[in-house]
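These notes are about the structure you will find just below.
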Amino acid sequence: MDSAPPHDGHGQDKGLDAHGYIRREGALGLVPDAFRPVVEAVRERLSDVLGARMSSAYLYGSIPRGTARVGRSDLDLLIALREEPTGADHDDVRALGDALDAEFRQIDGVGTLLFSRARLLSEPETYDLGWFVACLCTPLTGEDLAERLPRYRPDSRLARETNGDLALHLARWRTRIPEAVTEEARRALVRGVSRHLVRTGFTLVMPRWNGWTSDLARMAEAFAAYYPGRADQLRAAAVLGREPHGDPAVLRSYVDDLGPWLADEYARVHGLKAPRPVTPPHP
């Protein structure tokens, strides 16, 4: 008889099946009613925009997990093309996202990841973008590439290949901070960097915690159990990942203190992510 899926100390599901593999999160059936017109519009318009070039499209994030907040949550998409994306493809999906954002008050922005089918199924991406598709993306239309990917455990290899490149992100953020001259730009940067640091802190301890969650607060609490001296910093980042403000001091603390410490500790525990020909804009 199979054993029951693991739970944390508070009786909450840890996102694994009875065999210890990460369960795919999200489903079209979980999309809140308020967001269903947006999802249907995306499904229809993607075909018009990309046509036969598109192999498949996915939702990810709070909308397919059923936790989206009207007027506060963005629409997150991943699209697989039959060939490498062109500049025109990126322009087209950006224009589509802008149009959806303007039309539907339910969403606060649209983010679209665009990759070739070959890249998503490539060996170097098996434990990064491949895992992302197989475990964190909800099929919207077309072929489901998860059927061609392995099952995944929350182990050190997955930790290394998903978030073992924080030092590279720190360098980019240091460049972007002076460029964020408006409150809106800084708020968006605080939101994105906060989420990235919380996810990295969580995957640092993920193999020991032995589970998966996309909930920022749970991620921070899992981290806190192993690094109590940094716990308050990650808890604060989890709050800012959902309710950001544009305080420049927060961004400086991220790139001067928490980020460098986390990058060093991550490399010590899991090693560095294998180099990619082009670093993907990971969510």
Side-chain angles (χ1 to χ4, degrees), residues 8-15 25-26 30 32 34-35 60-76 101 106-111 132 136 154 159 162-163 166 169-170 172-174 176-177 180-206 208-209 211-266 281-283:
D8 64 16
H10 303 286
Q12 292 182 294
D13 185 359
K14 294 182 80 171
E25 64 178 27
L30 295 177
F35 293 91
Y60 69 93
S62 61
I63 290 179
R65 292 200 303 267
T67 60
R69 298 174 294 168
V70 172
R72 306 292 292 277
S73 296
D74 53 358
L75 173 68
D76 294 311
D101 187 34
Q106 298 94 314
I107 56 174
D108 182 20
V110 177
F132 185 73
L136 304 190
T162 52
N163 287 305
L166 181 57
H169 288 278
L170 287 171
R172 298 189 189 103
W173 295 336
R174 290 189 180 102
R176 291 181 61 190
I177 288 173
V181 296
T182 66
E183 172 70 16
E184 182 180 4
R186 288 193 298 269
R187 186 166 60 247
L189 192 55
V190 165
R191 180 178 183 268
V193 175
S194 296
R195 291 185 171 205
H196 195 113
L197 291 177
V198 173
R199 286 193 293 262
T200 303
F202 170 70
T203 52
L204 170 63
V205 304
M206 176 182 65
R208 286 179 281 178
W209 194 69
W212 173 261
T213 178
S214 285
D215 182 272
L216 294 176
R218 286 191 75 197
M219 285 182 166
E221 290 308 315
F223 171 87
Y226 301 95
Y227 293 94
R230 293 278 181 170
D232 287 345
Q233 287 179 291
L234 216 70
R235 289 181 179 123
V239 172
L240 290 173
R242 286 174 58 85
E243 302 289 347
H245 56 67
D247 185 354
V250 170
L251 293 168
R252 288 194 296 269
S253 73
Y254 284 165
V255 298
D256 293 340
D257 179 31
L258 179 59
W261 172 83
L262 189 53
D264 289 344
E265 182 67 3
Y266 213 98
H282 197 282

- prompt: Which residues pass the side-chain hydrogen bond (donor to acceptor under 3.5 Å, both in side chains) test with Glu221, sequence neighbours left out?
  reply: Arg235
- request: Considering only NZ, NE, NH1 and NH2 on the basic side and carboxylate oxygens on the acidic side, decide whether Arg187 and Glu184 come within less than 4.0 Å.
  value: no
statement: All heavy atoms of Met206 vs all of Pro154, minimum pair found to be CG-CB, 3.5 Å
Nearest-0.5 Å distance, CG of residue Asn163 to OG1 of residue Thr203: 3.5 Å
Spacing of Leu262 atom CG and Leu197 atom CG [to the nearest 0.5 Å]: 6.5 Å
query: Between Trp173 and His196, what is the ring plane arrangement, given parallel below 30°, perpendicular above 60°, and tilted in between?
result: perpendicular
- request: With sequence neighbours excluded, give me every ring-ring contact (aromatic ring centres under 6.0 Å, His included) pair touching residues 218-257.
  value: Phe223-Tyr227, Tyr227-Trp261
- prompt: Taking only residues two or more places apart in sequence or in another chain, which ones pass side-chain hydrogen bond (donor to acceptor under 3.5 Å, both in side chains) with Arg230?
  reply: Gln233, Asp257
statement: All heavy atoms of Ala68 vs all of Ser73, minimum pair found to be CA-OG, 3.4 Å
- request: List for me each residue that meets side-chain hydrogen bond (donor to acceptor under 3.5 Å, both in side chains) alongside Thr213, sequence neighbours excluded, and say none if there are none.
  value: none
- prompt: CG/Asp13 to CD/Glu25 distance, rounded to the nearest 0.5 angstrom?
  reply: 11.0 Å
field: Within 6.0 Å of CZ in Arg176, more than 12 heavy atoms from elsewhere
entry: no
task: May I ask you to decide whether Arg191 forms a salt bridge with Asp74, counting only side-chain N to carboxylate O separations under 4.0 Å?
output: yes
message: Once rounded to the nearest 0.5 Å, what's the spacing between atom CG of Leu136 and atom CG of Asp76?
response: 11.0 Å
message: So does Ala34 get a backbone contact from the side chain of Gln106, meaning a donor-acceptor N/O pair under 3.5 Å?
response: yes
- request: Report the C-alpha separation of Leu204 and Trp209 in whole Å, then their side-chain angles, then the decisive distance to 0.1 Å, and conclude whether the side-chain contact (heavy atoms from CB on, under 4.5 Å) test is met.
  value: CA-CA 10 Å; Leu204 170 63; Trp209 194 69; over 6 Å; no
field: Shortest non-hydrogen contact from Leu216 toward Val198
entry: O-CG1, 3.7 Å
query: At their closest point, which heavy atom of Tyr266 faces which heavy atom of Thr162, and how far apart are they?
result: OH-OG1, 4.3 Å
field: salt bridge (charged side-chain N to carboxylate O under 4.0 Å, His left out) contacts touching residues 243-255 (sequence neighbours left out)
entry: Arg69-Glu243, Arg72-Glu243
query: Take atom CZ in Arg174; do more than 12 heavy atoms of anything else shown fall under 6.0 Å from it?
result: yes
field: side-chain contact (heavy atoms from CB on, under 4.5 Å) partners of Ala188, counting only residues at least two apart
entry: none
For Met219 against Ser214, the heavy-atom pair lying closest together: CE-CA, 3.8 Å
field: Distance (rounded to the nearest 0.5 Å) between Leu234 CG and Asp232 CG
entry: 10.0 Å
query: What distance separates Leu251 CG from Ser194 OG, expressed to the nearest 0.5 Å?
result: 7.5 Å
query: Considering all heavy atoms of both residues, which atom of Pro32 and which atom of Ile63 are nearest to each other, and what is their separation?
result: CD-O, 3.5 Å
